[in-house]
Protein chains: 2
Amino acid sequence: MVMNKNCIIRLSRYKNALYRLQALGFVKVFSDNLADSVGVTASQVRKDFSIFGISGNKKGGYQIDALLEKINSILGKDQPQKVIVIGAGHIGSALMRYRGFEKEGIRIIAGFDIDPAKINRSAPVPVFPLEETKAFIKTNNIRIAILAVPDIAAQQALDLICAAGIKGVLNFAPLRLHAPDTVTINYVNLEIELENLIYFVSVEEKTGKGQVEK
Amino acid sequence: MVMNKNCIIRLSRYKNALYRLQALGFVKVFSDNLADSVGVTASQVRKDFSIFGISGNKKGGYQIDALLEKINSILGKDQPQKVIVIGAGHIGSALMRYRGFEKEGIRIIAGFDIDPAKINRSAPVPVFPLEETKAFIKTNNIRIAILAVPDIAAQQALDLICAAGIKGVLNFAPLRLHAPDTVTINYVNLEIELENLIYFVSVEEKTGKGQVEK
DNA sequence: ACCATATTGTTACTTTTTTCACAATAATGT
DNA sequence: ACATTATTGTGAAAAAAGTAACAATATGGT
């Protein structure tokens, strides 16, 4: 089975598209419908499905609800996922307020910060002192953390949570972090995404389009 | 010149790493230093540089300040970039408050929302009614917008801003949008990033690691 | 019950991306 | 001044990812 990260990302996209199709009243879907709504080729869809052992019906396409069930199970969406946030600054606290994760079965259950002024044990998503992180992770059996601390603090914070048992990290600090390879780190960097846009927009202005692959 | 989006993203990463090295007092850097701090191979660094016509000195590596100047110019960081935000909900308003873009020369100069309650013409980053978007983009010559509106409104909002002259969009809505191919769209989706982590973490728990490519 | 048709599943092919490998060469020490 | 060594720059090789093509087959119409 030859699988890579992009594959899983596409699986999430298929899932989102399927929910939309389902909401429109569709019951079954063909690889090319799904391809169109996600923006990939039909071959890609079928290949991805075959990688994960998802099968449909020749001439009949895929049954949307069965397909969703399968994808959700692959993506581990059977049970709700508890997540914590390290760093209650601008990004961290925006994430704690953000309700959009819930419909995906992802719950941010606590935040942690080194600054005493940020502590608030009675907020809807409570914020605890950083020292309590390790104990919290262990007693609540948390696997996934969002790291939203300043650059200089990031590696140290990562070491702390890895030692406590965290296995997956969504990192907002704009630098490469090091962790045991049993820990998966995904990077989010809006500055880089914007810089990327700026590049393509200005190249296009200079050249009049067509030269650049995206 | 064979160049792709990942190449530009790596260029941004090199830039960030170079600033850190510079802050530590380094004056020159070798491809393998840079590779280490960004997490790629030294060959990759040199190849990327050769694509953009960046050259160093045999045996002498690269002069950090000259290198930064070159990369910044490629990335269009010579002049500050004005950006607007469409949608002043949770994500949109967090972005408007976020000061982290400024050190990258990116300034969010206004927000727009359809909800009259969100309008605030005198905020540090003012929020205007959606109807004024087109005029604002034209008079201020804006090229780049962040799209932070609900799914159902996204395509319509995109059509509006594209018609007004926007050329690059950072989209937070979790669906594929359609635009003329003179417009670049980058997608940000934290739910998908988290789902991705959940997948890798649970696969690892089941298999005991080593089977999965990332 | 059979035929024509549409769609899957998978293998082979193509393209893209990354890595390797090494000649060219600048810096350093003797 | 010369030899040695470290590092770049790049073309060729390898690996990875994506696309195309088509045989297999289920479906629906007649």
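Below, chain A is the first sequence line, B the second, and so on; all start at residue 1.
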Rounded off to whole Å, could you give me the CZ-to-P distance for the Phe52(B) and dT10(D) pair?
14 Å
Output the rounded distance in Å from CD1 (Ile9(A)) to P (dA17(D)).
12 Å
Can you see if the side chain of Gln44(B) gets near the phosphate of dT19(C) - specifically, an N or O under 4.0 Å from OP1 or OP2?
yes
Can you tell me how far P of dT15(C) sits from CG of Asn6(B), to the nearest Å?
20 Å
Would you mind writing out the side-chain donor-acceptor pairs for residues 146-156 of chain B within the sub-3.5 Å range, not counting sequence neighbours?
{"from": "Gln155(B)", "atom 1": "OE1", "to": "His178(B)", "atom 2": "N", "distance (Å)": "2.9"}
{"from": "Gln155(B)", "atom 1": "NE2", "to": "Asp159(B)", "atom 2": "OD1", "distance (Å)": "2.9"}
{"from": "Gln155(B)", "atom 1": "NE2", "to": "His178(B)", "atom 2": "O", "distance (Å)": "2.8"}

Strictly under 4.0 angstrom, non-hydrogen atoms only: write out the protein contact profile of nucleotides 3-8 of chain C, one letter per nucleotide from the 5' end, B, S or -.
--BBBB
Side-chain atoms of Lys47(A) come closest, of dT10(D), dT19(D), dT18(C), to dT19(D)
Value in whole Å for how far the P atom of dA16(D) lies from CG of Asn4(B):
17 Å
Sorted by first residue and then second, give each ring pair (Phe, Tyr, Trp, His ring centres under 6.0 Å) pair with at least one member in residues 45-74 of chain A; sequence neighbours left out.
Tyr14(A)-Phe49(A), Phe49(A)-Tyr62(A)
Extract all donor-acceptor atom pairs below 3.5 Å that involve side chains of residues 163-173 of chain B and protein atoms in other chains or at least two apart in sequence.
{"from": "Asn171(B)", "atom 1": "OD1", "to": "Ala173(B)", "atom 2": "N", "distance (Å)": "2.8"}
{"from": "Asn171(B)", "atom 1": "ND2", "to": "Ala173(B)", "atom 2": "O", "distance (Å)": "3.0"}

Within a 6.0 Å radius of atom CD1 on Ile114(B), are there more than 12 heavy atoms belonging to other residues, nucleotides or ligands?
no
Which pairs count as salt bridge (Lys or Arg N to Asp or Glu O under 4.0 Å) when at least one residue sits in residues 66-83 of chain B, sequence neighbours excluded?
Glu195(A)-Lys77(B), Lys77(B)-Glu104(B)
Nearest whole angstrom, please: distance from the P of dG18(D) to the NZ of Lys5(A).
13 Å
Between atom CE in Met3(A) and atom P in dA16(D), what is the gap in whole Å?
13 Å
Tell me the salt bridge (Lys or Arg N to Asp or Glu O under 4.0 Å) pairs involving residues 46-63 of chain A, sequence neighbours left out?
Arg10(A)-Asp48(A)
Could you state the CG-C1' distance from Asn33(B) to dA6(D), rounded to the nearest angstrom?
13 Å
Hey, does the Lys NZ or Arg CZ of Arg176(A) hover above the aromatic six-ring of Tyr187(A), less than 6.0 Å from the centre and inside 45° of the axis?
yes
Can you list everything that forms a side-chain hydrogen bond (donor to acceptor under 3.5 Å, both in side chains) with Gln81(A)? Sequence neighbours excluded, please.
none
DNA chain D-proximal residues of residues 35-43 of chain A, any heavy atom under 4.0 Å:
Thr41(A), Ser43(A)
In whole angstrom, give the distance that lies between atom CD1 of Ile51(B) and atom C1' of dT19(C).
13 Å
Please set out all donor-acceptor pairs under 3.5 angstrom arising from side-chain atoms of residues 35-43 of chain B, sequence neighbours excluded.
{"from": "Ser37(B)", "atom 1": "OG", "to": "Asn33(B)", "atom 2": "O", "distance (Å)": "3.1"}
{"from": "Ser37(B)", "atom 1": "OG", "to": "Leu34(B)", "atom 2": "O", "distance (Å)": "3.3"}
{"from": "Thr41(B)", "atom 1": "OG1", "to": "Gln44(B)", "atom 2": "N", "distance (Å)": "3.1"}

